[in-house]
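Okay, so here's the structure we're looking at.
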Amino acid sequence: MMLEPMRVVPVVAIFGIGHVGLELARVLARHEIDLHLIDSRPEMLALERVGEPGGSGIFADAVARVHVTHSPVPEAALMTLPTDAHVLVMTHDHVEDLAIVDQALRADGIRSIGLIGSASKWARFRKKLTELGHGEADLARVTTPIGVPEVSGKQPAVIAVSVAARILQLIDEAAPVAVKSSRHADDEPDADDTDAVNQTSDVDRAHR
């Protein structure tokens with residue numbers, strides 16, 4: 001007998017809905033996830049740009065549950081995310097990016113943190129985050145650059161596909177699996193079970 005685990009809807013939060021963030025949101029919206037779109041700039045989340053999730057615009061037929069949040073202090077939105085959220089940081093401002101990463105490392109229940117950017121950007125961030133009190137174990141929780149190496153390119157749509165592929169891998173790795181119920185120690189196998197085992201052993205021997 002198989003015990004089916006309770007299904008948990010994965011949570012992904014995109015901080016920064018610029019060109020890459022919007023393309024990424026379009027890809028992830030095709031999956032059964034809880035998708036949070038967060039930006040400090042109201043124009044990035046305007047109705048004419050993102051539409052009404054489930055009603056109009058690019059997310060009209062979204063499979064995901066899409067939540068649009070304008071947050072002048074974007075890192076504050078971390079406190080409202082469900083547990084085990086995958087956080088993706090790609091705002092227009094390095095100061096915002098740093099503040100979000102800093103608070104994500106301090107927040108409880110964040111499953112993963114991804115930061116878009118170059119090696120030089122991460123070098124500066126490492127120095128700043130260390131000064132803010134984060135140790136090597138903390139810094140190791142941040143993945144940068146984000147995406148899969150098999151998909152490379154600098155166009156927003158290409159970056160979005162690469163990042164989405166990696167996030168879907170992480171979601172799949174974290175998904176619960178069905179487990180077999182254990183037989184009680186004093187349970188004896190029935191005759192059919194014994195016959196099946198013996199038959200399998202005979203077949204194995206015949207093919208050696």
Side-chain angles (χ1 to χ4, degrees), residues 10-28 33 35-45 49-50 67-171 173-174:
V11 179
V12 179
I14 304 174
F15 286 81
I17 313 303
H19 297 303
V20 175
L22 189 61
E23 290 289 347
L24 176 58
R26 294 177 67 173
V27 176
L28 291 177
I33 63 174
L35 180 61
H36 295 254
L37 311 180
I38 303 152
D39 204 297
S40 63
R41 301 164 294 172
E43 64 272 19
M44 293 294 103
L45 305 173
R49 188 166 189 263
V50 301
H67 311 268
V68 178
T69 303
H70 169 233
S71 180
V73 183
E75 62 269 25
L78 289 164
M79 300 301 103
T80 66
L81 294 177
T83 303
D84 282 345
H86 297 275
V87 171
L88 297 170
V89 185
M90 51 187 69
T91 80
H92 65 296
D93 188 329
H94 285 197
V95 174
E96 280 193 8
D97 283 353
L98 180 63
I100 295 165
V101 172
D102 173 42
Q103 291 304 310
L105 288 171
R106 299 178 192 279
D108 294 328
I110 300 298
R111 179 166 286 275
S112 71
I113 304 168
L115 172 67
I116 198 168
S118 63
S120 60
K121 175 181 175 179
W122 178 234
R124 293 193 301 273
F125 273 36
R126 280 184 63 93
K127 183 175 183 296
K128 285 287 188 180
L129 290 167
T130 300
E131 292 172 356
L132 290 169
H134 297 289
E136 285 299 320
D138 299 319
L139 299 177
R141 294 176 54 204
V142 181
T143 299
T144 185
I146 45 180
V148 293
E150 294 83 3
V151 181
S152 60
K154 294 187 177 181
Q155 302 91 335
V158 175
I159 296 171
V161 168
S162 179
V163 175
R166 181 55 187 149
I167 283 298
L168 293 173
Q169 286 177 342
L170 292 175
I171 288 172
E173 291 168 5

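This is a predicted model, so every value here is computed, not measured. Just so you know, residue 1 is the first one in the sequence shown, and it goes up from there.
A side-chain hydrogen bond (donor to acceptor under 3.5 Å, both in side chains) check over residues 107-119, counting only residues at least two apart or in different chains, returns the pairs Asp84-Arg111, His86-Ser112, Ser118-Ser120.
The closest side-chain heavy-atom distance from Ile116 to Phe15 is not below 4.5 Å. Residues Val158 and Val161 are not in side-chain contact: their nearest non-hydrogen atoms beyond the backbone lie 4.5 Å or more apart. Within the 4.5 Å cutoff, side-chain heavy atoms of Leu105 are placed close to those of Arg141. Residues Leu129 and Asp138 form no side-chain contact, since every pair of their non-hydrogen atoms from C-beta on lies 4.5 Å or further apart. Residues Arg41 and Thr91 fail the side-chain proximity criterion, which asks for heavy atoms closer than 4.5 Å. The closest side-chain heavy-atom distance from Val89 to Val87 is below 4.5 Å. Taking 4.5 Å as the limit, every side-chain heavy atom of Met44 sits out of range of all side-chain heavy atoms of His92.
From Thr69, atom OG1 reaches atom CG of Leu37 across 8.0 Å, with rounding to the nearest 0.5 Å. Between the CD1 atom in Ile33 and the CG atom in Leu168 there is a gap of 7.5 Å [rounded to 0.5 Å]. To the nearest 0.5 angstrom, Ile171 atom CD1 is 7.0 Å from Leu28 atom CG. We find the CD-CE distance between Gln103 and Met79 to be 6.0 Å, quoted to the nearest 0.5 Å. Atom-to-atom distance recorded for His36:NE2 and Ile14:CD1 is 11.0 Å, nearest 0.5 angstrom. Taking CD1 of Ile146 as the reference point, atom CG of Leu88 lies at 5.0 Å (rounded to 0.5 Å).
Nearest heavy-atom pair across Ile38 and Ser71 is CG2-CB, 4.2 Å. Ser40 and Pro74 make their closest contact through CB-CD, 4.1 Å (heavy atoms, listed as atom of the first residue, atom of the second, distance). Closest approach of Gly117 to Thr144, counting heavy atoms only: O-OG1, 3.9 Å. Closest heavy-atom contact between Ala13 and Leu81: CB-CD1, 3.7 Å. Nearest heavy-atom pair, Gly18 versus Asp39, reported as atom, atom and distance to 0.1 Å: N-OD2, 4.4 Å. Between Leu115 and Trp122, the closest heavy-atom pair is CD2-CE3, 3.9 Å.
Checking side-chain atoms of Thr80 against main-chain N and O of Ala77 turns up a donor-acceptor pair under 3.5 Å.
Considering only residues two or more places apart in sequence or on other chains, Asp97 meets the salt bridge (Lys or Arg N to Asp or Glu O under 4.0 Å) condition with Lys121. Here His19 pairs with nothing under the ring pair (Phe, Tyr, Trp, His ring centres under 6.0 Å) rule; sequence neighbours left out.
Considering Val20, Ile100, Ile17, Ile159 in turn, Val20 is the only one that fulfils the side-chain contact (heavy atoms from CB on, under 4.5 Å) rule with Met90.
Heavy-atom contacts from other residues, nucleotides or ligands closer than 6.0 Å to CZ of Arg26 number 12 or fewer.
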* To do: Kindly determine whether Glu173 and Arg166 satisfy salt bridge (Lys or Arg N to Asp or Glu O under 4.0 Å), including the steps that lead there.
  => CA-CA 11 Å; Glu173 291 168 5; Arg166 181 55 187 149; 3.7 Å; yes
